[in-house]
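Letters go in sequence order (proteins before strands), and every chain restarts at 1.
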There are 2 protein chains.
Amino acid sequence: MVSQTEENYLKALFHLTYEIGQKTEAGTNELAEFLEVKPASVNDMLKKLKEKDLVSYEKYGKITLTKKGKDIAVEIVRKHRLWETFLYKKMDFTWDEVHEVAEQLEHIKSQKLVKQLEIFLDFPEIDPHGDPIPNEKGEIKKLARISLSEVNVGNVCRLVAVKDGSVAFLQYVAKLGLDLNSKIKVISRLEFDGSIEIEVNNQRYTVSQKFGNNLFVV
Amino acid sequence: MVSQTEENYLKALFHLTYEIGQKTEAGTNELAEFLEVKPASVNDMLKKLKEKDLVSYEKYGKITLTKKGKDIAVEIVRKHRLWETFLYKKMDFTWDEVHEVAEQLEHIKSQKLVKQLEIFLDFPEIDPHGDPIPNEKGEIKKLARISLSEVNVGNVCRLVAVKDGSVAFLQYVAKLGLDLNSKIKVISRLEFDGSIEIEVNNQRYTVSQKFGNNLFVV
DNA sequence: TATAAAAGTTAGGCAAGACTAACAAAATAA
DNA sequence: TTATTTTGTTAGTCTTGCCTAACTTTTATA
């Protein structure tokens with residue numbers, strides 16, 4: 001049996017490696033910071049996860065998910081994103097509200113429920129934040145997307161995902177009138193700080209480079 | 001904050017008092033047996049619940065839910081039954097499958113989700129087992145119903161609820177071709193052991209008194 | 001009413017998951 | 001290459017929720 005806490009560690013490892021970085025290993029402090037616990041706690045847990053053959057790591061070495069650990073992590077991600085989609089499409093939740101509740105729902109144990117949920121939602125491929133939903137076999141469709149900061153001046157693009165999922169960030173995104181599939185035109189880019197002038201629904205805004213890094217477009 | 005375990009204790013107390021018995025108090029051993037833990041554990045928990053003003057009880061005395069405790073218990077029951085209805089009506093779960101998963105879902109913390117779920121299900125009044133679903137204010141509609149054992153010979157009644165929710169029992173009920181709203185005719189009753197002969201869908205069966213006690217009809 | 005049975009309580013312990021404080025190893029910089 | 005900073009580890013402690021074993025109170029029965 002994998003506890004809820006263990007599931008969260010596996011999910012965090014998955015995010016830090018395969019999702020955020022394009023690496024396959026992570027460090028103790030990095031994981032501790034991400035999970036908002038102390039490194040000592042991570043250490044304790046790593047011993048347990050290693051014992052269960054969910055991660056592989058040696059003292060003072062890097063942490064890697066095993067096949068078994070990765071499979072569980074992907075299944076949690078799958079559930080999380082299906083539930084987010086459910087909340088957004090069927091329960092009238094907004095972009096910024098879905099995450100917190102999905103964090104709870106992702107731990108519900110029922111294979112049948114996940115399967116039925118997927119059918120009910122008509123096999124969605126991306127969640128409300130634009131992230132890909134793994135299928136039942138754990139396969140994740142790679143999305144060809146770039147950050148808004150990389151778009152050339154003059155080009156128009158379509159918002160497909162956001163990187164940072166914090167409520168404050170999502171609310172700011174919404175305030176600009178941006179939603180999934182919104183068209184964004186890049187008007188100009190300031191060389192000295194990388195900030196970008198964009199046009200959304202005929203309104204012009206200037207946003208920071210950091211903000212631009214957090215929006216994925218095609 | 002009320003932990004998941006605390007919620008389960010409150011719910012159990014509610015069942016043992018207001019629901020199963022027509023009393024307002026329960027004992028330590030009774031609660032322990034219901035929750036499948038040892039009396040000592042119940043004792044520990046009672047101290048905590050008393051501290052939080054969720055139950056009132058004195059050493060060697062009976063346990064009662066406070067207003068605050070009862071409100072929380074009813075809210076959990078409400079969530080449980082709404083989720084059961086959701087699983088049954090939208091997720092293609094059977095009668096006997098819903099309970100286990102609803103036990104998990106009832107602890108999800110989101111007022112908005114409960115509200116939306118209720119709207120989505122079009123304000124159901126009873127769950128798939130025929131039990132009443134408390135409304136947002138915590139009011140529970142009393143159902144005028146009697147057990148099958150109390151029905152007079154020759155009368156026809158309609159199944160509205162089951163008392164025992166165990167999987168084995170529910171599967172037996174289903175095997176007889178019984179479902180919510182099934183018509184049941186009481187053909188005869190054996191005096192010596194109270195067993196009842198019934199007719200369902202033109203099929204005759206003989207069932208025990210105990211079985212009859214577990215079916216509620218109108 | 002004395003006594004046995006049932007019900008309830010206490011003390012002490014254990015596992016999970018977190019923490020602090022002190023320490024050890026590795027990586028980086030002088 | 002030594003010194004310093006960063007990263008990772010260990011030991012000991014805390015809380016929650018459970019346990020067993022021993023004890024006390026209450027209730028039921030002879």
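- In this model, the phosphate group of D/dT16 is not approached by any side-chain N or O of B/Tyr9 to a distance below 4.0 Å at OP1 or OP2.
- For DNA chain C, the neighbouring residues in residues 24-43 of chain B, judged by any heavy atom under 4.0 Å, are B/Gly27, B/Thr28, B/Asn29, B/Pro39, B/Ala40, B/Asn43.
- Between B/Lys109 and B/Glu7 there is a salt bridge, since a side-chain N of the basic residue sits under 4.0 Å from a carboxylate O of the acidic one.
- Look at B/Glu58 and B/Lys50 and you find a salt bridge, because one of the NZ, NE, NH1 or NH2 atoms lies within 4.0 Å of a carboxylate O, short of that distance.
- B/Gln4 has its CD atom 17 Å from the C1' atom of D/dT15, to the nearest Å.
- Put simply, the side chain of B/Pro128 does not reach to within 4.5 Å of the side chain of B/Phe93, judged on heavy atoms.
- With sequence neighbours left out, A/Asp53 forms a side-chain contact (heavy atoms from CB on, under 4.5 Å) with A/Thr66, A/Lys68.
- If you take CD of B/Glu51 and P of D/dT15, they are 14 Å apart, rounded to a whole angstrom.
- The distance between atom CG of B/Asp44 and atom P of C/dA11, rounded to the nearest whole Å, is 11 Å.
- Atom OH of B/Tyr57 and atom P of C/dA7 are 17 Å apart (whole Å).
- Regarding B/Met45, its CE atom lies at a distance of 17 Å from the P atom of C/dG8, rounded to whole Å.
- One finds a salt bridge joining B/Lys11 and B/Glu103 here, because a Lys/Arg side-chain nitrogen approaches an Asp/Glu carboxylate oxygen to under 4.0 Å.
- Taking only side-chain atoms of A/Tyr60, from C-beta outward, the nucleotide of D/dT10, D/dG8, C/dA18 with the closest atom is D/dG8.
- Put simply, B/Lys62 has no side-chain N or O that comes within less than 4.0 Å of OP1 or OP2 on C/dA7.
- The 5' end of DNA chain C is approached more closely, in terms of each residue's nearest nucleotide, by A/Thr5 than by the other of A/Thr5 and A/Lys59.
- Panel note: side chain A/Arg189, backbone A/Ser149; a donor-acceptor pair is recorded below 3.5 Å.
- The distance from atom NZ of B/Lys47 to atom P of D/dC18 is 14 Å, rounded to the nearest whole Å.
- With rounding to whole Å, A/Glu7 atom CD is found 15 Å from C/dA16 atom C1'.
- When the P atom of C/dT9 is taken as reference, atom CG of B/Leu46 falls 7 Å away, rounded to whole Å.
- The cationic atom of A/Lys90 (NZ for Lys, CZ for Arg) does not lie both less than 6.0 Å from the six-membered ring centre of B/Phe120 and within 45° of the ring axis.
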